[in-house]
Amino acid sequence: MRLMVMFDLPTDTSQQRKQYRQFRKKLLNEGFIMIQYSVYVRVCTTRSAAEFLEKRIKDYLPDQGVIQSLMLTEKQYSDMHFLLGDEIEGLCPYNWCKF
């Protein structure tokens, strides 16, 4: 099971930027890894563990912005495709990025 968190937070004021940094740091401290800008994912052992983690995230939401979560099975997550244009050197160091 994976829990994916996607967010779009305002960064116009210094307070908003601070809340953005704090939210991102808390996600990282919870064990999330960034797979794209503002898209983070974490492995959870069970659905109930993912639901528990989702509730923990609700405790430190910023004042403004949009935050979405998505629970995925390992099968669903493994069906993710990487659609790339021309290869950018150093962007994807793994062999599975080359089609």
Side-chain angles (χ1 to χ4, degrees):
M1 175 75 45
R2 306 266 178 147
L3 180 62
M4 184 179 292
V5 176
M6 303 157 280
F7 57 91
D8 187 15
L9 301 176
T11 56
D12 297 327
T13 67
S14 63
Q15 180 64 25
Q16 290 171 335
R17 288 188 294 276
K18 181 179 180 181
Q19 287 185 350
Y20 171 89
R21 288 189 309 272
Q22 289 173 339
F23 181 71
R24 182 183 178 280
K25 185 175 182 178
K26 287 178 181 177
L27 286 178
L28 294 172
N29 288 339
E30 292 281 359
F32 283 85
I33 58 169
M34 183 177 76
I35 61 172
Q36 278 191 14
Y37 293 119
S38 300
V39 180
Y40 290 74
V41 69
R42 180 188 159 166
V43 174
C44 298
T45 55
T46 63
R47 182 172 187 85
S48 61
E51 290 169 351
F52 176 77
L53 186 57
E54 188 178 51
K55 288 177 186 172
R56 284 178 53 103
I57 292 170
K58 287 180 184 178
D59 291 340
Y60 53 81
L61 294 177
D63 295 334
Q64 298 176 318
V66 176
I67 296 138
Q68 298 169 292
S69 67
L70 178 64
M71 292 180 199
L72 301 161
T73 64
E74 286 301 311
K75 172 69 172 130
Q76 291 168 326
Y77 188 79
S78 68
D79 285 341
M80 183 186 321
H81 299 272
F82 291 87
L83 307 176
L84 304 172
D86 292 334
E87 182 179 348
I88 299 172
E89 187 174 330
L91 179 64
C92 188
Y94 307 106
N95 288 333
W96 50 260
C97 291
K98 297 170 177 55
F99 293 100

Cluster question for you: counting only ILVMFWY and a side-chain heavy-atom cut-off of under 4.5 Å, with indirect links fine, are [X] and [Y] together?
X: Met71; Y: Tyr77; answer: no
X: Phe32; Y: Ile67; answer: yes
X: Val41; Y: Met34; answer: no
X: Val5; Y: Ile33; answer: no
X: Met80; Y: Val39; answer: yes

For [X], what residues pass the side chain to side chain donor-acceptor pair (under 3.5 Å) criterion, not counting sequence neighbours?
X: Thr45; value: none
X: Ser14; value: none
X: Asp59; value: none

Worksheet entry | Spatial distance of atom CE (Met6) from atom CG (Leu70) [nearest 0.5 Å] | 5.0 Å

Response to the item:
dist Arg42:CZ -> Leu27:CG (nearest 0.5 Å) comes out at 10.5 Å

Response to the item:
For Phe52, the hydrophobic cluster (side chain heavy atoms closer than 4.5 Å, chained through members) also holds none

Item to complete: Search all heavy atoms of Leu9 against all heavy atoms of Gly65 and return the closest pair with its distance.
Response: CD2-CA, 3.9 Å

Worksheet item: What are the two closest non-hydrogen atoms of Ala50 and Cys44, and how far apart are they?
Response: CA-SG, 3.8 Å

Worksheet item: Any side-chain hydrogen bond (donor to acceptor under 3.5 Å, both in side chains) pairs touching residues 64-76, not counting sequence neighbours?
Response: Arg2-Glu74, Gln16-Gln64, Glu54-Ser69, Thr73-Gln76, Lys75-Asp79

Practice prompt. Would you please name every residue forming a salt bridge (charged side-chain N to carboxylate O under 4.0 Å, His left out) with Arg56, sequence neighbours left out?
Written response: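 Applying salt bridge (charged side-chain N to carboxylate O under 4.0 Å, His left out) to Arg56 gives Glu30.
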
Fill in: Those residues that, when tested against Glu51, pass salt bridge (charged side-chain N to carboxylate O under 4.0 Å, His left out) (two or more places apart)
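Partners of Glu51 by the salt bridge (charged side-chain N to carboxylate O under 4.0 Å, His left out) criterion, ordered by chain and then number, come out as Arg47.
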
Worksheet item: With sequence neighbours left out, which residue pairs that include part of residues 17-28 fulfil the salt bridge (charged side-chain N to carboxylate O under 4.0 Å, His left out) condition?
Response: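 Residue pairs passing salt bridge (charged side-chain N to carboxylate O under 4.0 Å, His left out), neighbours aside: none found.
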
Practice prompt. Could you tell me which residues satisfy ring-ring contact (aromatic ring centres under 6.0 Å, His included) with Phe7, sequence neighbours excluded, listed by chain and number?
Written response: Tyr20, Phe23, Tyr40

Worksheet item: Is there side-chain contact between Ile57 and Leu3, with at least one heavy-atom pair below 4.5 Å?
Response: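 SC-SC contact between Ile57 and Leu3 confirmed.
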
Worksheet item: Should Ile35 and Met4 count as side-chain neighbours, where that means a heavy-atom distance under 4.5 Å?
Response: yes

